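Since this is a predicted model, take the numbers as computed values, not measurements.
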Amino acid sequence: MLAALSGLCRSTGTARLAAATTVSGLVAASVLSGAGTAVAEETPRTEGGATATNNGLKTYGEAVIHGDGGDQRVPAGLFEMSVDGGGTLQTYCVDLHNPTQRDARYQETPWSGTSLGTNKNAGRIGWILQHSYPQVNDLAALARKAGAPGLTEQDAAAGTQVAIWRYSDGAHVDALDPQAEKLADYLEKSARGVGEPRASLTLDPPAVSGRPGDRLGPVTVHTNASAVTVSPPADTATGGVRITDKNGKVITSAKDGTRLYFDVPEDAAGDTAHPADSGAGTAELTVQASTTVPVGRAFASENRSQTQILAGSSESTVSATATAGWAADGPIPAVSARENCAKGGVDITTVNNGDEPFTFQLMGAGHTIPAGATRTVTVPLQEDQAYDFTITGPHGFSHRFTGVLDCKTQGAVTTQTAARLPNEPSPASVGGSALDTTTDLAETGASALTPLITGVAIGLVVIGGAVLVVLRRKDTTPDA
């Protein structure tokens with residue numbers, strides 16, 4: 001980490017730990033039916049785009065949060081993130097009351113998978129990002145519009161963050177510096193709604209299925225990059241599955257709107273846990289590009305670290321993956337999952353491209369997907385709840401989906417001792433009196449609870465949970 005993570009958002013580690021430990025919910029052990037048990041292919045919740053590590057606050061001033069417990073002074077400004085594969089992102093916080101974990105890893109995420117998905121003012125936040133620092137780097141011009149002479153980069157970052165918090169969290173918050181406060185007021189009053197920016201790179205759908213001997217797909221590329229590189233499945237060199245267009249021509253590069261197909265030979269085995277199961281297998285393709293991530297894209301973490309929104313991007317590496325599964329007969333499932341904050345859970349979408357119905361149990365309820373049909377089932381979760389689904393089926397089919405539902409910005413108020421990292425700006429009460437460090441400080445640096453949260457999460461995965469997600473053949477066969 002380039003610098004100690006500095007505080008922005010209120011630490012609610014205790015409340016979140018309680019949510020993770022008291023809800024037995026969906027950190028669950030999987031149970032497979034049938035003769036064989038396949039090792040689950042882990043599928044992160046990512047839908048493609050940039051993946052990055054938070055390096056902490058880089059340009060910031062101070063703000064004052066006014067609350068029932070008194071006033072608190074907090075640092076406010078721009079975070080910096082390092083992108084996997086190369087590139088740098090600048091982000092603001094849209095999650096004031098949640099902590100930032102040390103070295104938290106973030107994934108580009110649709111608004112629907114964050115608190116922005118249910119925030120009627122999300123479009124106003126997007127407008128602020130487009131019309132303020134660092135997108136507007138002419139500070140003199142920005143100062144004239146805001147009536148804030150002498151505006152510095154630190155003032156501009158603090159004022160922009162304060163304006164965002166007023167819309168993202170409904171917070172009663174002011175910038176400490178008068179010029180930063182003028183900018184915050186100007187941005188808040190001027191903001192208008194804009195649409196969600198498109199993803200830097202995604203593949204749709206992320207999973208397909210069908211018969212060996214067919215071209216499975218299409219999988220459509222969506223990107224703002226001029227071109228993307230297509231990496232085929234690993235066994236392509238030996239005459240296995242190829243990535244082609246609809247006419248069977250091999251594709252190694254693509255652009256926005258390109259439709260990709262998995263060309264599966266009739267004798268393809270693929271990556272299957274049942275090699276003796278003739279005609280069944282799986283394969284994965286990856287696309288990658290270098291582009292600037294659109295301003296306003298959300299970034300979420302899987303370890304309960306505050307949600308961020310993009311304010312600026314260098315040329316950065318982005319990627320996405322899609323999977324294909326095939327079998328000679330019976331039900332042939334293609335399963336994907338995405339968080340849905342509007343419904344407070346995870347949408348699990350199953351497509352059955354086989355010739356028999358596909359039946360599965362989900363949270364005690366049975367679901368049947370007819371041959372050739374698609375169904376989406378929403379698994380309800382509590383806020384901050386970790387989930388770990390293993391979806392299984394015939395021919396060794398197995399996918400694992402993991403994550404943490406983080407859809408709200410307002411955490412429960414807690415009393416705890418806050419830990420600060422060296423060189424972290426010290427929160428202080430307004431008015432000159434010493435701040436009681438036993439109160440819920442506005443802080444997002446590495447919390448002392450981080451190791452405990454991690455340990456509990458690992459323990460829950462080992463112990464399992466109360467919910468069993470079982471996908472099985474409706475009729476009894478050796479592969480069921």
Side-chain angles (χ1 to χ4, degrees), residues 30-38 40-41 43 203-220 233 241 244 246 248 259-285 322-338 340 346-379 389-401 468-480:
S30 63
V31 174
L32 310 183
S33 62
T37 300
E41 174 188 349
T43 306
L203 292 175
D204 182 39
V208 294
S209 63
R211 302 289 185 206
D214 293 340
R215 296 189 186 103
L216 312 185
V219 174
T220 304
V241 179
T244 70
K246 65 179 181 179
R259 294 186 173 187
L260 307 176
Y261 292 80
F262 292 82
D263 193 333
V264 182
E266 289 189 13
D267 59 351
D271 181 17
T272 177
H274 296 276
D277 189 359
S278 176
T282 63
E284 179 180 274
L285 73 86
T323 61
W326 58 88
D329 53 27
I332 312 174
V335 182
S336 59
R338 64 182 298 174
N340 185 336
V346 176
D347 287 341
I348 297 180
T349 299
T350 304
V351 181
N352 179 13
N353 286 318
D355 55 16
E356 296 178 13
F358 194 80
T359 300
F360 63 94
Q361 295 288 322
L362 184 59
M363 295 193 71
H367 304 273
T368 298
I369 304 168
T374 301
R375 296 287 187 273
T376 297
V377 178
T378 301
V379 180
F389 302 120
T390 297
I391 313 297
T392 66
H395 310 295
F397 174 86
S398 183
H399 282 275
R400 182 182 177 191
F401 303 97
L468 305 179
V469 181
V470 180
L471 286 178
R472 56 179 172 79
R473 290 279 301 272
K474 187 173 184 181
D475 56 331
T476 302
T477 71
D479 291 318

Exercise. Roughly how far, to the nearest 0.5 Å, is OG1 of T376 from CD1 of I369?
Worked result: 8.5 Å
Exercise. Given side chains that start at C-beta, do those of R215 and D263 come closer than 4.5 Å, heavy atoms only?
Worked result: yes
For this session: Assess whether side-chain contact (heavy atoms from CB on, under 4.5 Å) is satisfied between D214 and W326, documenting all intermediate values.
Result: CA-CA 9 Å; D214 293 340; W326 58 88; over 6 Å; no
Problem set entry | Student check: side-chain heavy atoms of V219 and D204 closer than 4.5 Å | no
Exercise. Do R338 and D347 sit within salt-bridge range, that is, some charged N less than 4.0 Å from a carboxylate O?
Worked result: no
Seminar exercise, completed: Residues E356 and G330: closest non-hydrogen pair is CD-CA, 3.8 Å
Exercise. Taking all non-hydrogen atoms of both residues, which atom of A322 and which atom of P205 are closest, and how far apart?
Worked result: CB-O, 4.2 Å
Exercise. When you look at L203 and T220, which way does the side-chain contact (heavy atoms from CB on, under 4.5 Å) test go after all the steps?
Worked result: CA-CA 6 Å; L203 292 175; T220 304; over 6 Å; no
Problem set entry | Shortest non-hydrogen contact between P212 and A327, atoms and distance | CD-O, 3.2 Å
Exercise. Can you tell me how far the OG1 atom of T350 sits from the CZ atom of F358, to the nearest 0.5 Å?
Worked result: 6.5 Å
For this session: Apply side-chain contact (heavy atoms from CB on, under 4.5 Å) to the pair T378 and V346, showing each step before the final yes or no.
Result: CA-CA 5 Å; T378 301; V346 176; over 6 Å; no
Exercise. Going from CG on D329 to CG on D355, what distance comes out if it is rounded to the nearest 0.5 angstrom?
Worked result: 6.5 Å
For this session: Keeping the roles fixed (side chain from S336, backbone from P206), state whether a donor-acceptor pair exists under 3.5 Å.
Result: no
Exercise. Looking only at atom types and distance, does a side-chain atom of N352 sit under 3.5 Å from a main-chain N or O of G354, one as donor and one as acceptor?
Worked result: yes
Problem set entry | Distance in Å, T244 OG1 paired with F262 CZ, rounded so as to fall on 0.5 Å steps | 10.0 Å
For this session: Give the C-alpha distance, both sets of side-chain angles, the deciding distance and a yes or no for side-chain contact (heavy atoms from CB on, under 4.5 Å) between I332 and R211.
Result: CA-CA 8 Å; I332 312 174; R211 302 289 185 206; 2.9 Å; yes
Exercise. Can you tell me how far CG of N340 sits from CD1 of I348, rounded to the nearest 0.5 angstrom?
Worked result: 12.0 Å
